[in-house]
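In what follows, a single structure is set out as structure tokens and then discussed.
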There are 2 protein chains.
Amino acid sequence: MKGKETEREEARTRPSKEARGHLDRERVLATAARLVKRHGPEALTMRALAAELGTAVTSIYWHVGNRESLLDALVERTLADLGEIRATGRTPAQRVASVARALRHQLLDHPHLVAMVHERGLTERMFLPAQRTLVHEVHGAGLRGARAADAVRAVQVHVVGHILVERNRERAPQQHPGEEELWTARTAEEDGALARALAGPHDPAALFDVSVKALVTGLLGPAP
Amino acid sequence: MKGKETEREEARTRPSKEARGHLDRERVLATAARLVKRHGPEALTMRALAAELGTAVTSIYWHVGNRESLLDALVERTLADLGEIRATGRTPAQRVASVARALRHQLLDHPHLVAMVHERGLTERMFLPAQRTLVHEVHGAGLRGARAADAVRAVQVHVVGHILVERNRERAPQQHPGEEELWTARTAEEDGALARALAGPHDPAALFDVSVKALVTGLLGPAP
DNA sequence: ACCTGAACACCGTTCAAGT
DNA sequence: ACCTGAACACCGTTCAAGT
């Protein structure tokens, strides 16, 4: 169901709480990754990590420097594990859109990654692998030079932007006034269906689909 | 050069450091806003704020509750001050795109606002005023019902997403390998112009323009 | 080479005590 | 009604001292 867990297994077989044995960079990173995965990056305090490792807080510093570089290493590792993006579909527009969708799903699989990457200013770097695929597909669509570069970057920004907003929405508190109470047929210029759509629940996947199709259509369409 | 500073002036005429006098919610908020504007929200500690106000740290709590609700109030106030968005241009596509651009500029004028709103999950609320304008313009373009709602939301997400990514890029450290060293004619499938464009400096405004035009074209174009 | 506890300089927040 | 300092429970980090 998760795929490619190879040597991660051995770490999980021995009991985690009291697993002291010897401490090394690998064990620190693995344990930290587990904590982040379960409770989010803000829950990763040096003291909590030390408790989980069964060592003194200060021992961690010897292996990973400090908290900041520990998180850097975690992000680095996750990025390296992401795996390639492949395009599917027949038409150029379909193929470009498929890359965007694949990218989105990859990031949704790592709930905390986007925020951590964002905070570290690594957003660009995160997309370098996918950029090559995008370049290829945009070429396949017949775009060249600066216009091709614009298309690649536009799709990139669109995907990250969408995910950032989407994750944000999930944890957003109920707002007053929110879309629900704001939009009635009267406020929506008598367009009842629009009012219902704006007041109703969000479907991020559907919205992503619509907007990415529109964007790609516009990008690959006739030059201005 | 900055516009609309009315009663803000009086606060600046008296010396800020030692301005004690009586403390009230208004003065706490104003001083906090000044600190955030100058050094960012992370620099707003209760102790620093107390020092600036010339009071004990704990006095602040009586007026604003705690740090979190203080920041909430600041965000609230800034949002309320934003002012309306008006569309310009002749064609429907131009008018919708102009709303997106106006929104972007409004947010760029408040460097810390987007991040603060993002952290608080208020992204949606931030856009409620602009939503009405968007609904009107999308109607003007002939869209109705669910399709109109999709268009409105797609533009919204696009603008915030773009700004989040853009602000992120500004503070991003130099990356290795970055786009500069990755893209040569050889890696770019012999498209030298594309390689130069991807390796060269970013122009966020231009990219925003291109992508928003493409998105709007796609959204207002013939239904799928 | 690795691990430790004590100590430091920060946080936000609570609370009893003042006026 | 408002302001205060002392105290608490957290942080990340440094460092001299241990083995």
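Note that the coordinates shown come from a computational prediction; the quantities given were computed from them, not determined experimentally. What's counted below: heavy atoms across the whole structure, side chains too, no hydrogens, waters or symmetry copies.
- Of the residues Arg132(A), Arg86(A), Arg95(A), the one that meets the salt bridge (Lys or Arg N to Asp or Glu O under 4.0 Å) test with Glu137(A) is Arg95(A).
- Across dT4(C), dG12(C), dA6(D), the shortest atom-to-atom separation from the side chain of Thr58(B) is found for dA6(D).
- Between His63(A) and the phosphate of dC3(C), there is a side-chain N or O to OP1/OP2 separation shorter than 4.0 Å.
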Quiz prompt | Stepwise side chain to side chain contact (heavy atoms under 4.5 Å, CB included) test for Asp191(A) and Glu189(A) | solution = CA-CA 6 Å; Asp191(A) 187 341; Glu189(A) 306 185 342; 5.5 Å; no
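- A side chain to side chain contact (heavy atoms under 4.5 Å, CB included) with Gln131(B) is found for exactly one of Val152(B), Val155(B), Ile85(B), namely Val152(B).
- dT13(D) atom P lies 11 Å from atom CD1 of Ile60(A), rounded to whole Å.
- Using a 4.0 Å heavy-atom distance criterion, Thr45(B) is classed as a sugar-phosphate-only contact.
- One atom, CE of Met46(B), and another, P of dT4(D), lie 14 Å apart when rounded to the nearest Å.
- Phe208(B) and His162(B) have perpendicular rings, their planes meeting at more than 60° on a 0 to 90° scale where under 30° would count as parallel.
- Regarding Tyr61(A), its OH atom lies at a distance of 11 Å from the P atom of dC11(D), rounded to whole Å.
- At whole-Å resolution of the value, CZ in Arg67(B) and P in dT13(C) are 8 Å apart.
- For the pair His22(B) NE2 and dT19(C) C1', the interatomic distance rounds to 17 Å; values are reported in whole Å.
- With distances taken from any side-chain atom of Trp62(A) to the nucleotides dT13(C), dA1(C), dC3(D), the minimum falls on dA1(C).
- Shown here, dC8(C) forms a base pair with dG12(D); the pair counts as Watson-Crick or G-U wobble because both key distances fall under 3.5 Å.
- Heavy-atom distances to DNA chain C give each of Arg47(A) and Ser59(A) a nearest nucleotide, and the one nearer the 5′ end belongs to Ser59(A).
- The nearest whole Å value for the distance from the CZ atom in Arg25(A) to the C1' atom in dA1(C) is 17 Å.
- For Arg27(A) and dC3(C), the CZ to C1' distance is 13 Å, given to the nearest whole Å.
- Distance, Leu44(A) CG to dC11(D) P: 11 Å, rounded to whole Å.
- In this structure, Leu44(B) and His39(B) have side chains that are not in contact, with every pair of non-hydrogen atoms separated by 4.5 Å or more.
- Close to dG12(D), at under 4.0 Å from its OP1 or OP2, lies no side-chain N or O of Asn66(A).
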